[in-house]
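One structure below.
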Amino acid sequence: MVSRIGRRRLRRLLRTFPAVAVLGPRQCGKTTLVRTLFPKAEIFDLEKPSDLQRLEADPYYTLRRARPPVLVDEAQRLPALFPVLRVLIDERRADKGRFVLLGSAHFSLARGISESLAGRIGFLDLDPFAYFEVADAGISLEDLWLRGGFPEPCLHPDRRARRDWVDAYVRTFLERDLAALSIDVSPVQMRRLWHMLAAANGTIWNASEFGRSLGLSYHTVNRYADLLEQSFLLRRLPPYFANLSKRLVKSPKVYLTDTGLLHAFLGVETPQQLDVCPQRGASWEGFIIEQIIRREKLANPASQFYFWRTATGQEIDLLVERPHERIGVEIKVGTYVESSDWKTLRFALDALKLSRAYVVNQTDAPYRPFAGVQVLPAEQLLGAAKWTL
C-alpha cells in the first residue's frame, strides 16, 4: 500500500470545513485515499446507477440520514446536489468534516461549488504519484518518469499491460466522460489534438497554429485545451511578468501533466526508446515541473507557478512564487550545465529578485557553483521526506 502525502492535508481540511472537495484526474487514487482514511464511511458512487438513483430521488433525506463523513464520488455528475449540500451544511454550520466530494472534472465541480458552497468547502488537489510516495515501493525516479504517476501503470511491471491501460483510459475519457457531462466535443479531433500536444510538449502555446493543423478555429482549439486542463490532464504554465521589458514572452507553455500518457502518445515504452526520443529533454522538464508542483502545493498551498523567458532567449523553467519569496528552478536532463545557463541564473537572481535558485538535474551530489544557486540531484530533492525547496 502506497501512503499518499495528501493524507495530512485532507485531515486538516476536514477539521476546518464542513465539506472538502478532493479533485484530481480520474484513477489517480482519490477514492482509495478517502476509503483508507474512512473505511466504514458511507459512500455514494455516482457512476453506479443505484447510488445515483438514490441521490436523485431525494438527496436531502438520503444525505441527512447518512452518518458523517459522507463520501460522494464523481460528484460533478449530479449538479443538483450542491444546493442541497448548502442547506444541510447551514443547518449545522459548526459541524466539520461532514461531506467529502470527489471529482475528476474541475469545470463542473467548480461551477457547482462557486454557486452553492463558497465559504463552506475546502479543497485538496490530489495528483498522480509523487516520487516520495513510491520510492519505498521499489519504483525508481526513472521508472516513474517513464511510466507516469497513475497508480495502476506506475506499479505494473508489464509494459503491454501499461499500454492497454493507457489505451482504455484515453478511450474512456474521449467516448464516455465527456459525453456523460454533455460536452459537445469531437472525440476524433480531441484525440488528434492530444497527439499534437504530446509532440509539442514544453513549447509555447499557439492555438492558431494547432487550429490550422486540425482544420479548427483557434476558439475551438482553446475550448478543447480548456477541457483537458480542467480534467487535470494538461498544464498551461503561465509566463511571469516583471517590469523588465515589454518584450517578455506572453503566451503559456504547455505540458501533458502525466509522462506516462505523454510517452504513450509518443510511442515510447522502454527506457531505451526514451533515451533516443527527440522529446526526451522536454519530457524530463515537464516531469520535474509536475513533481515539484505536487510537493509544493501540499507544503505551501498559496504558491503560484510560472516560467520566465525574454525575447532574447533567457529563460527559467519554473518560478515558484510564495507569499514572501520567489524561487527559480532550471531543469536539465543529464548532468551538463551550459555556460549560458549560469549567465541566465546570475541575471535572473537580480532581475527577478529571487531568494535563491536551483538547477535540478541527474548529478550524483549537490554543489554550489556560486552564491544563491545550488545544483541538486532530482532524486535527492524529490525523494526527501521533508519538502525543502
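Worth knowing before you read on, the calculation uses all heavy atoms, side chains too, and leaves out hydrogens, waters and symmetry mates. Here the structure is a predicted model, which is why all the values come from computation and not from measurement. We're numbering straight along the sequence, starting at 1.
Between the side chains of Glu296 and Asn300, at least one donor-acceptor pair of N or O atoms lies under 3.5 Å. There is no side-chain donor-acceptor pair under 3.5 Å between Glu315 and Thr344. Asp73 and Thr31 share a side-chain donor-acceptor pair at under 3.5 Å. Between the side chains of Tyr218 and Glu209, not a single donor N or O lies within less than 3.5 Å of an accepting N or O.
Ring-centre distance between Phe173 and Trp194: below the 6.0 Å cut-off. Remark: aromatic rings of Tyr131 and Trp145 are distant, center separation not under 6.0 Å.
Listed for the Arg35 side chain is no donor-acceptor partner under 3.5 Å among the backbone atoms of Ile43. Between the Thr259 side chain and the Leu262 main chain, no donor and acceptor come within less than 3.5 Å of each other. Put simply, the side chain of Ser231 gets close to the backbone of Leu227: a donor and an acceptor are under 3.5 Å apart. The backbone N or O of Ile331 lies less than 3.5 Å from a partner atom in the side chain of Asp317, making a donor-acceptor pair. Not a single donor-acceptor pair under 3.5 Å links the side chain of Gln374 to the backbone N or O of Val359. Put simply, the side chain of Asn361 never gets that close to the backbone of Tyr336: no donor and acceptor are under 3.5 Å apart. Looking at Gln273, its side chain never comes within 3.5 Å of a backbone N or O of Val268 through a donor-acceptor pair.
Glu152 and Arg162 are not joined by a salt bridge, as no carboxylate oxygen comes within less than 4.0 angstrom of a charged side-chain nitrogen. With respect to the salt-bridge test (charged N to carboxylate O, under 4.0 angstrom), the residues Asp341 and Lys332 qualify. A salt bridge does not link Arg171 to Asp177: none of the charged nitrogens lies less than 4.0 Å from a carboxylate oxygen. Ionic pairing of Arg235 and Glu290 is present here: one or more N-O contacts between side-chain nitrogen and carboxylate oxygen are shorter than 4.0 angstrom. Taking 4.0 Å as the cut-off between side-chain N and carboxylate O, Asp226 and Arg223 do not count as a salt-bridged pair.
Because its NZ or CZ atom is both nearer than 6.0 Å to the ring centre of Phe132 and within 45° of the ring axis, Arg295 counts as a cation-pi partner of that residue. Cation-pi geometry between Arg54 and Phe44 is not met: the NZ or CZ atom fails to fall both under 6.0 Å from the ring centre and inside 45° of the normal.
Remark: Asn201 engages no residue in a side chain to side chain donor-acceptor pair (under 3.5 Å) (not counting sequence neighbours). Checked against ring-ring contact (aromatic ring centres under 6.0 Å, His included), His195 has the following partners two or more places apart in sequence or in another chain: Phe265.
Applying the ring-ring contact (aromatic ring centres under 6.0 Å, His included) rule to pairs touching residues 147-170 yields Phe150-Trp165, Phe150-Tyr169, Trp165-Tyr169, sequence neighbours excluded.
Environment of CG in Asp275: crowded, with over 12 heavy atoms of neighbouring residues, nucleotides or ligands closer than 6.0 Å.
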Show your working on side-chain hydrogen bond (donor to acceptor under 3.5 Å, both in side chains) between Arg326 and Tyr240 and close with a plain yes or no.
CA-CA 11 Å; Arg326 189 178 304 123; Tyr240 180 79; 3.0 Å; yes
